[in-house]
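Below, read A as the first sequence line, B as the second, and so on, with proteins coming before strands; counting in each chain starts at 1. These numbers come from a predicted model, not from an experiment.
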2 protein chains.
Amino acid sequence: MLQAREEAIIQTVNRLLADKGFDAMTVDEVAADVGIAKASLYKHFPSKEDLAAAAMVSVMRRAQAFLDGLPAQDSPQDKLRAVVAWTMGLKLAGEMPSLPSQNSSLRATLMAHKDYMDGLMDVSDRLGAWIEAAQANGALNAKLPAIAVLYTLFARACDPVLEFLKIGGQHSDEEIIALVLSTCFDGLSARA
Amino acid sequence: MLQAREEAIIQTVNRLLADKGFDAMTVDEVAADVGIAKASLYKHFPSKEDLAAAAMVSVMRRAQAFLDGLPAQDSPQDKLRAVVAWTMGLKLAGEMPSLPSQNSSLRATLMAHKDYMDGLMDVSDRLGAWIEAAQANGALNAKLPAIAVLYTLFARACDPVLEFLKIGGQHSDEEIIALVLSTCFDGLSARA
DNA sequence: GTCTATAGGAGGATAGAC
DNA sequence: GTCTATCCTCCTATAGAC
């Protein structure tokens with residue numbers, strides 16, 4: 001019951017964060033959408049920052065579940081592509097919370113949030129291992145620092161190119177994902 | 001005199017926008033940094049949105065000047081690489097204003113701002129022509145829609161990978177630019 | 001735990017004197 | 001055009017009854 005209500009809150013926060021971003025989202029709005037009073041909301045979560053953190057934890061758990069479900073026989077590079085495609089699908093579906101990359105109070109709350117940091121570390125470690133494996137087997141460019149590759153993959157979760165192409169209306173979500181996957185892994189330059 | 005003061009204002013706004021973004025920047029702060037009263041600021045610019053628009057126009061003019069200065073004998077693809085490198089250098093130097101991609105009032109002001117829109121159109125047209133030329137001569141992947149390539153290049157101006165690598169402290173600005181240029185044009189996958 | 005009501009403060013914008 | 005002082009709205013957060 002309490003669990004279910006908090007789930008509903010998190011889902012609303014998640015959608016609003018994807019829609020308008022952290023700054024534009026108001027707590028009044030969250031409460032109204034969930035259908036409870038603002039004061040009740042604050043009984044569940046102590047601050048707006050914690051609301052956002054809870055949404056991020058939720059997304060992180062979904063990501064971990066997706067990683068768990070990837071076929072073990074897939075190559076590391078295929079797994080990486082699949083994760084990026086999944087992330088972009090989430091964003092195009094309006095389910096990827098967008099946080100300001102520069103916000104002191106929010107960053108502090110996130111970094112203090114054990115569940116979030118643990119999830120982030122776990123995902124980073126697993127992706128990092130696949131990146132190094134893919135570099136070792138010659139699929140990924142071994143001259144790139146693995147951390148730069150990891151950041152480049154993570155960055156697809158907040159890539160404005162996706163929304164611009166979606167606004168353009170010339171392509172389906174699947175086409176957009178394929179397009180950006182191509183620019184990400186194959187680059188803009190022609191391949192021999 | 002008036003011109004010089006407005007230049008100083010724009011420069012301050014530009015730096016603050018690069019530092020903290022539009023939402024976190026306060027008009028009080030701008031006034032304090034410039035060294036005038038807030039009311040005086042509002043004699044020069046009618047709203048916070050117009051402050052940001054002025055900063056964007058300023059950056060757009062710098063971009064146009066950079067395009068003008070590119071050697072005519074350079075290939076289209078070399079010009080494109082140079083523009084992207086210049087953009088990323090601006091960002092790493094803390095001189096690239098960062099605006100929320102989702103903000104109704106700001107977007108409306110920007111779209112209504114003739115100087116900004118004219119500059120944006122001019123830059124887009126010139127880059128677009130180079131993109132199509134580079135696709136025609138086989139340097140860029142001709143299967144990608146030109147508009148997607150253009151967005152991908154523009155997106156380097158707000159790429160969080162740059163700041164993450166800078167925070168990491170393992171690379172100089174030049175190395176970071178080279179690295180991201182490589183992931184952008186050559187992709188993450190190994191080349192034959 | 002839910003509500004109504006309100007505190008408290010930040011920040012965009014303006015009044016009016018000089 | 002610059003200042004001081006102030007308005008006013010919005011928003012986070014809390015008090016206190018039930």
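- Each salt bridge (charged side-chain N to carboxylate O under 4.0 Å, His left out) pair with one or both residues in residues 168-192 of chain A, not counting sequence neighbours, appears once here: A:Lys166-A:Asp173.
- Spacing between atom NZ of B:Lys38 and atom P of C:dT14 amounts to 11 Å, rounded to whole angstrom units.
- Inspection of the A:Asp122 and A:Gln64 side chains reveals an N or O donor paired with an N or O acceptor under 3.5 Å.
- How far CE of B:Met25 is from CG of B:Leu51: 5.5 Å, rounded to the nearest 0.5 Å.
- Counted by atom type alone, A:Asn103 and A:Ser105 present one or more donor-acceptor pairs between their side chains at under 3.5 Å.
- Here B:Met111 contributes atom CE and B:Met117 contributes atom CE; the two are 5.5 Å apart, rounded to the nearest 0.5 Å.
- The CG atom of A:Leu80 sits 9.5 Å away from the OG atom of B:Ser189 when rounded to the nearest 0.5 Å.
- The salt bridge (Lys or Arg N to Asp or Glu O under 4.0 Å) check on B:Arg61 picks up B:Asp115, with sequence neighbours excluded.
- Taking a 4.0 Å limit (strictly below) on heavy-atom distances, residues 17-26 of chain A reaches DNA chain D at A:Met25, A:Thr26.
- For the contact set between residues 42-49 of chain B and DNA chain D, defined by any heavy atom under 4.0 Å, the members are B:Lys43, B:His44.
- One finds the CG atom of B:Leu150 at 10.0 Å from the CZ atom of A:Phe164 (value rounded to the nearest 0.5 Å).
- A donor-acceptor pair under 3.5 Å links the side-chain atoms of B:Arg156 to the main chain of B:Thr152, judged by distance alone.
- Chain B approaches DNA chain D over the interval D:dG1 to D:dT4, counting the first and last nucleotide 5' to 3' with an atom under 4.0 Å from its heavy atoms.
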Return a table of donor-acceptor pairs under 3.5 angstrom between the side chains of residues 36-44 of chain B and protein atoms on other chains or two or more places apart.
unit_1  : atom_1 : unit_2  : atom_2 : d
B:Lys38 : NZ     : B:Asp28 : OD1    : 3.3
B:Lys38 : NZ     : B:Asp28 : OD2    : 3.2
B:His44 : ND1    : B:Glu6  : OE2    : 2.9

